[in-house]
Enquirer: 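One structure is given below, represented as structure tokens, and several questions about it will come after.
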Amino acid sequence: MSGRVIAHLDLDAFYVSVELRRRPELRGRPVFVGGQHRGVVLSASYEARARGVRSAMPSVTARRLCPEAIVVQPDMEAYVEASRAVFAIMDTVTDVVEGASVDEAYLDLTATRSRLGRPEQVVADLRARILSEQGLPCSVGLAPNPFVAKMASVAAKPDGMLVVPQGRVTDFLWPLPVEQMWGVGESTAATLNWLGLRTIGDLARTAPATLQRALGPRQGEKLVDLANGRDPRRLTDRRPEEHERSIGAQETFPADVYDPEVVHRELLRLAERTSARLRRARLVGRTVTLSLRFANFSALTRSMTLTEPTDLTDEIHRRAVSLYDRLGLQRARVRQVGIRMEGLRDSATVSTQADLFTPDQGWREATAAIDRANLRFGPHAVQRASLTRTW
DNA sequence: TCTGGGGTCCTAGGACCC
DNA sequence: TCTGGGGTCCTAGGACCC
């Protein structure tokens, strides 16, 4: 027996809650935060949810369902700042706070009992502090492992807390439909239903080999474990941004694009964004991946691995353009393009001796100057000439 | 005016090496 | 001449999460 005590804390309708904090006149009304043209709902108030508005739903659909909803444009900087403040409060409770995203975290409370007392009380105090100091409601699940804690926090929403002790884990999980299980999306749910499995309890009683045939060795084994309330994963205190495995940028055009030159230009913008973030994190990447989505929503990726990792805008742009041109698209209607860098390494571990006398060095110096200017004067203070044109 | 942008992890086949 | 297996890297695609 592990005897672990894990809390999962999830801020309720986080982006909307941050907006309500500075616009209290919107309280009690249907509100959602969403993108403009081809955007989706990022966060919806519970009043909007009552009208069928869901996150990830196209904004146009949401407006149709709820025409009187107040639509707010996202302000990521405000959300990131609010997130930092909440994490600072969580950090006072335990050293082991694993950020799962901007608005949720796992806390290991196993070792805090002797210092702070009963975990239920610790969590109740934590929720009260986040509400009083930051004006943000949250929900918490308290359980023997991260998976059950996550499932409990969802069940506790909104503005609630649910404790699931070891002895009650299967009573809690097994009646729930498989669709509600973390790790089961649309595709897996369809496969499970096809097998006649409707609840997490059904899943728990299925032979692992059956699921492994249907879902693959890893996922099959994992789902049976989770369905039985077993999740031995250890938490780490790392923030997501401290162990990134890839960095990238993508953009959906306001209208589908036919002209390859327009795509090339957008790729330069994306290469710029990606490489600036690499340099800022002092990382270099070795694999460049180009991704495309077409008007019919089909998608593809093409990648190439370089002999030496890079953080240079023009190197990344050149490779992405080459991957794109190699496709030989004719009259393709491009909806979205993206660039992602993988195989990341600390740039300090990569020898810079080798390129001291190469043509890249000039670019490296120019790039560093642009980064400095953009840090001082804002992200678009200095741009390449070809980006100042509009398409 | 249907369907964002940021990610992680897994699978599978082929190349290549031992 | 025939017959192996394992490990790693690269590439492409797909599922999932927030």
Side-chain angles (χ1 to χ4, degrees), chain A residues 8 10-15 32-44 54-65 73-74 76 79-80 83 98-106 146-147 150-151 153-154 178-192 212-223 226 233 238-256 270 273-274 277 286-307 323 326-327 335-344:
Chain A
H8 179 261
D10 200 335
L11 293 154
D12 297 332
F14 177 50
Y15 297 175
F32 69 84
V33 174
Q36 288 269 38
H37 304 281
R38 301 175 125 180
V40 298
V41 174
L42 301 172
S43 177
R54 294 286 178 274
S55 79
M57 169 184 282
S59 295
V60 263
T61 308
R63 279 179 207 267
R64 197 168 59 233
L65 283 169
Q73 297 309 306
M76 291 309 302
Y79 311 149
V80 168
S83 174
E98 182 183 286
S101 75
V102 71
D103 65 350
E104 60 181 283
Y106 295 91
F147 167 71
K150 166 73 184 175
M151 297 294 291
S153 77
V154 172
V178 289
E179 287 79 7
Q180 282 182 29
M181 187 170 166
W182 184 91
V184 173
E186 196 183 353
S187 170
T188 303
T191 303
L192 296 177
Q212 289 178 319
R213 270 194 302 277
L215 300 170
R218 296 289 255 273
Q219 203 196 1
E221 186 185 19
K222 185 172 175 190
L223 285 191
L226 295 182
R233 188 175 73 85
R238 295 171 303 189
R239 296 288 193 268
E241 61 267 26
E242 287 168 23
H243 58 107
E244 276 173 323
R245 308 186 63 82
S246 71
I247 285 180
Q250 62 181 57
E251 189 83 23
T252 298
F253 294 108
D256 298 336
L270 296 170
R273 255 155 65 185
T274 303
R277 288 180 51 205
R286 205 157 79 88
T287 302
V288 184
T289 301
L290 166 79
S291 62
L292 289 173
R293 190 177 286 282
F294 300 99
N296 67 2
F297 225 65
S298 66
L300 65 74
T301 65
R302 289 293 181 272
S303 60
M304 89 192 317
T305 298
L306 315 176
T307 48
L323 288 166
R326 215 181 284 174
L327 290 167
R335 176 191 177 90
Q336 178 192 75
V337 287
I339 290 178
R340 180 158 294 278
M341 294 297 291
E342 296 166 77
L344 304 185

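Just so it is clear: chains get the letters A, B, ... in the order the sequence lines come, proteins before strands, and each one is counted from 1. Quantities reported herein were computed from a predicted structural model and do not represent experimental measurements. Quick note: numbers below take in every heavy atom, side chains included, and nothing from hydrogens, waters or symmetry partners.
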Enquirer: Are any of A:Arg38's side-chain N or O atoms less than 4.0 Å away from OP1 or OP2 of B:dC2?
Expert: no
Enquirer: Checking contacts here: which listed nucleotide (C:dC10, B:dC9, B:dG4) is nearest the side-chain heavy atoms of A:Arg286?
Expert: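 The nucleotide sitting nearest to the side chain is C:dC10.
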Enquirer: Return the value, rounded to whole Å, for the distance between atom CZ of A:Arg340 and atom C1' of B:dG4.
Expert: 13 Å
Enquirer: Determine, stepwise, if the pair A:His8 / A:Tyr106 fulfils side-chain contact (heavy atoms from CB on, under 4.5 Å).
Expert: CA-CA 5 Å; A:His8 179 261; A:Tyr106 295 91; 3.3 Å; yes
Enquirer: Grab the CD-P distance between A:Gln250 and B:dT3 for me, whole Å please.
Expert: 14 Å
Enquirer: Given that A:Ser246 and A:Gln36 both sit by DNA chain B, which one's nearest nucleotide is further toward the 5' end?
Expert: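 By nearest-heavy-atom nucleotide position, the 5'-most residue is A:Gln36.
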Enquirer: Provide the Watson-Crick or G-U wobble partner of B:dC10, both distances under 3.5 Å; none if there is no partner.
Expert: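 Across all strands, the one nucleotide that pairs with B:dC10 is C:dG13.
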Enquirer: Rounded to whole Å, please give me the gap between CD in A:Gln73 and P in B:dG5.
Expert: 13 Å
Enquirer: Could you give the distance separating B:dT3 and C:dC17 at their P atoms, to the nearest angstrom?
Expert: 22 Å
Enquirer: In whole angstrom, give the distance that lies between atom CG of A:Leu344 and atom P of B:dT8.
Expert: 8 Å
Enquirer: Scan nucleotides 11-18 of chain C nucleotide by nucleotide, 5' to 3', and note B when protein non-hydrogen atoms come under 4.0 Å of the base, S if they reach only the sugar-phosphate, - if neither.
Expert: SSS-SSSS
Enquirer: 5'-most contact on DNA chain B: A:His37 or A:Tyr15, nearest heavy atom basis?
Expert: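 Upstream on the strand: A:His37.
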Enquirer: Write down the partner of C:dC18 under the Watson-Crick or G-U wobble criteria, each distance required to be under 3.5 Å.
Expert: B:dG5
Enquirer: Could you go through A:Arg245 and A:Leu344, starting from their C-alpha distance and side-chain angles, then the distance that decides it, and tell me whether this counts as side-chain contact (heavy atoms from CB on, under 4.5 Å)?
Expert: CA-CA 6 Å; A:Arg245 308 186 63 82; A:Leu344 304 185; 5.9 Å; no
Enquirer: Kindly say if A:Arg63 contacts the phosphate of B:dT1, meaning a side-chain N or O under 4.0 Å from OP1 or OP2.
Expert: no
Enquirer: Assess the side chains of A:Thr287 and A:Thr305: does a donor N or O sit below 3.5 Å from an acceptor N or O?
Expert: yes
Enquirer: Can you find a side-chain donor-acceptor pair between A:Gln219 and A:Thr188 that sits under 3.5 Å?
Expert: yes
Enquirer: Let's go through A:Arg340 and A:Thr301 carefully: what are the C-alpha distance in whole Å and the side-chain angles of both, what is the deciding distance for side-chain contact (heavy atoms from CB on, under 4.5 Å) to 0.1 Å, and is it a yes or a no?
Expert: CA-CA 10 Å; A:Arg340 180 158 294 278; A:Thr301 65; over 6 Å; no
Enquirer: Without decimals, in angstroms, what is the distance between A:Leu306 CG and C:dC9 P?
Expert: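 Rounded to the whole Å, the gap is 16 Å.
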Enquirer: For C:dT1, does the O4'-C1'-N9-C4 or O4'-C1'-N1-C2 angle fall within 90° of 0, making it syn, or is it anti?
Expert: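 Because its glycosidic torsion lies more than 90° from 0, C:dT1 adopts the anti conformation.
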Enquirer: Please give, in whole Å, the distance from B:dG4 C1' to A:Arg293 CZ?
Expert: 10 Å
Enquirer: What residue among A:Val33, A:Asp103, A:Leu42 forms side-chain contact (heavy atoms from CB on, under 4.5 Å) with A:Tyr79?
Expert: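 Only one of A:Val33, A:Asp103, A:Leu42 forms a side-chain contact (heavy atoms from CB on, under 4.5 Å) with A:Tyr79, namely A:Val33.
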Enquirer: How far apart are the C-alpha atoms of A:Leu192 and A:Leu215, what are their side-chain angles, what is the distance that settles it, and do they pass the side-chain contact (heavy atoms from CB on, under 4.5 Å) test?
Expert: CA-CA 9 Å; A:Leu192 296 177; A:Leu215 300 170; 4.2 Å; yes
Enquirer: Given B:dT8, B:dG4, B:dC2, which nucleotide is nearest the side-chain atoms of A:Val60?
Expert: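 It is B:dC2.
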Enquirer: Rounded to the Å, how far apart are A:Phe32 CZ and B:dG4 C1'?
Expert: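 About 14 Å, once rounded to whole Å.
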Enquirer: With a 4.0 Å cut-off on heavy atoms, is A:Gly248 in touch with a base, just the backbone sugar-phosphate, or nothing at all?
Expert: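 A:Gly248: backbone/sugar contact only, no base atoms under 4.0 Å.
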Enquirer: Given B:dG4, is OP1 or OP2 found less than 4.0 Å from the side-chain N or O atoms of A:Ser59?
Expert: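 The answer is no; no side-chain N or O of A:Ser59 sits under 4.0 Å from OP1 or OP2.
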Enquirer: Tell me: CZ of A:Arg335 to P of B:dC2, nearest whole Å?
Expert: 9 Å
Enquirer: Please indicate whether A:Glu179 has more than 12 foreign heavy atoms, meaning atoms of other residues, nucleotides or ligands, lying under 6.0 Å from its CD.
Expert: yes
